[in-house]
Number of protein chains: 2
Amino acid sequence: MTVKRNTWQKDAVKHALGEATGFVSAQELHLVLRNHGSTIGLATVYRALADLAGTGEADSLQSQEGELLYRACTTEHHHHLICKNCGKTVEIEANEVEKWAEKVAKHHGFREPSHTVEIFGLCGDC
Amino acid sequence: MTVKRNTWQKDAVKHALGEATGFVSAQELHLVLRNHGSTIGLATVYRALADLAGTGEADSLQSQEGELLYRACTTEHHHHLICKNCGKTVEIEANEVEKWAEKVAKHHGFREPSHTVEIFGLCGDC
DNA sequence: AGGCTTATTGATAATGAATGTCAATAACTT
DNA sequence: AAGTTATTGACATTCATTATCAATAAGCCT
């Protein structure tokens, strides 16, 4: 089995993601890192983010323009309220919706339900 | 102001979308039309679908791979339960969720809330 | 500490969806 | 029927993301 190795690149991505406010794209994160003097490659940023999303250390969603965005998060399942102007993000507890989604899926004979729930809007400052 | 004109191309797209089961991409729809002997252009399919989505005659969402998918629908706001294997789609009433989304948005001081809610799963046949 | 294995990197090419371009076409109006 | 112009479609372009692959370096072993 393949063993994971620790690299400064992975740390850099994880750290930069933690610093960012709201959701960021791989491209943006790559730019930020470069501007801070890093020589990290774009493909590496993509790979690191995919890994983080895989382990649950990062949360991913698609912007309304179709771009994949990432954000550092806790591993608990949750959803987001996102300002479509400034990108400010609020994590939302959505137990109601979780239960609703499962209920609806079961009711129609669907197994292994997953779901996407995102709320967009304009925050108070915009 | 620009006046809309009716063309067989727009009709073809609307009709093909009606025939399709579940969600289809612009690319797929273009292929289907071509295979049926149509000479319609790809860009035209994209434009027609965007129009239909704009008027509410078609519903659009992004697949989990990021592709934009379309589906003929009624103009009422609703959400979908989609089989991730065969693409079978069920329209869902989601009043609960509508209210929940508005409540949450308002609670955090967000205006003009919009939201995306899709449930994916495996249907009974898959 | 030095060597070895191989996971990882990064420059670059490749893919693929979606949009822009623009001359040619064809819907409407009168 | 003629004129205006919205629309078309072949093609080029953009842009995010993924694949390629030789070079590098992380972690293990002695």
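Here is how names work: the chains are called A, B, and so on, in the same order as the sequence lines, proteins then strands, and each is numbered from 1.
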Could you go over nucleotides 11-17 of chain C and give all protein N or O partners under 3.5 Å, atom names and distances?
unit_1	atom_1	unit_2	atom_2	d
C:dA11	OP2	A:Arg34	NH2	3.2

Would you list the protein and nucleotides 24-26 of chain D atom pairs, both N or O, that sit under 3.5 Å from each other?
unit_1	atom_1	unit_2	atom_2	d
D:dA26	O3'	A:Asn6	O	3.3
D:dA26	N3	A:Arg5	NH1	3.1

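In the hydrophobic clustering (ILVMFWY side chains linked at under 4.5 Å, chained through shared members), B:Leu122 stands by itself. Through side-chain heavy atoms spaced under 4.5 Å, either directly or across other Ile, Leu, Val, Met, Phe, Trp or Tyr residues, B:Leu69 is tied to B:Phe23, B:Leu61, B:Ile82, B:Phe120. Grouped by direct or indirect side-chain proximity (heavy atoms under 4.5 Å, Ile/Leu/Val/Met/Phe/Trp/Tyr only), B:Tyr46 sits with B:Leu42. In this structure, B:Leu31 shares a hydrophobic cluster with no other residue, the cluster being traced through Ile, Leu, Val, Met, Phe, Trp and Tyr side chains under 4.5 angstrom apart.
Looking at B:Arg71, its side chain never comes within 3.5 Å of a backbone N or O of B:Thr21 through a donor-acceptor pair. The backbone N or O of A:Lys99 lies less than 3.5 Å from no partner atom in the side chain of A:Glu102, so there is not a single donor-acceptor pair. A donor-acceptor contact shorter than 3.5 Å links the side chain of A:Lys10 to the backbone of A:Arg5.
Taking a 4.0 Å limit (strictly below) on heavy-atom distances, residues 50-57 of chain A does not reach DNA chain C anywhere.
Between B:Ile119 atom CD1 and B:Leu81 atom CG the span is 5.5 Å, to the nearest 0.5 Å.
A:His79 and A:Glu98 form a side-chain donor-acceptor contact under 3.5 Å, judged by distance and modelled atom types alone.
Spacing between atom CG of A:Leu33 and atom C1' of C:dG10 amounts to 14 Å, rounded to whole angstrom units. Separating the NZ atom of A:Lys10 from the P atom of C:dG10 is a distance of 11 Å, rounded to the nearest angstrom. In this structure, A:Lys14 places its NZ atom 14 Å from P of C:dT8, rounding to the nearest Å. Separating the CG atom of A:Leu49 from the P atom of C:dG10 is a distance of 13 Å, rounded to the nearest angstrom. If you measure from atom NZ of B:Lys4 to atom P of D:dT5, you get 18 Å, rounded to the nearest angstrom.
When the ring pair (Phe, Tyr, Trp, His ring centres under 6.0 Å) test is applied to A:His108, no partner is found at least two apart in sequence or on another chain. Taking B:His30 as the reference, nothing meets the ring pair (Phe, Tyr, Trp, His ring centres under 6.0 Å) condition, with sequence neighbours excluded. Under the ring pair (Phe, Tyr, Trp, His ring centres under 6.0 Å) criterion, A:His78 pairs with A:His80, sequence neighbours left out.
Every pair passing salt bridge (Lys or Arg N to Asp or Glu O under 4.0 Å) that includes a residue from residues 52-69 of chain B is listed here, sequence neighbours excluded: B:Lys14-B:Glu57.
In this model, the phosphate group of C:dG10 is approached by a side-chain N or O of A:Thr44 to a distance below 4.0 Å at OP1 or OP2.
The terminal axes of the helix from C:dA1-D:dT30 to C:dT30-D:dA1, fitted over 5 pairs per end, subtend an angle of 40° to the nearest 10°.
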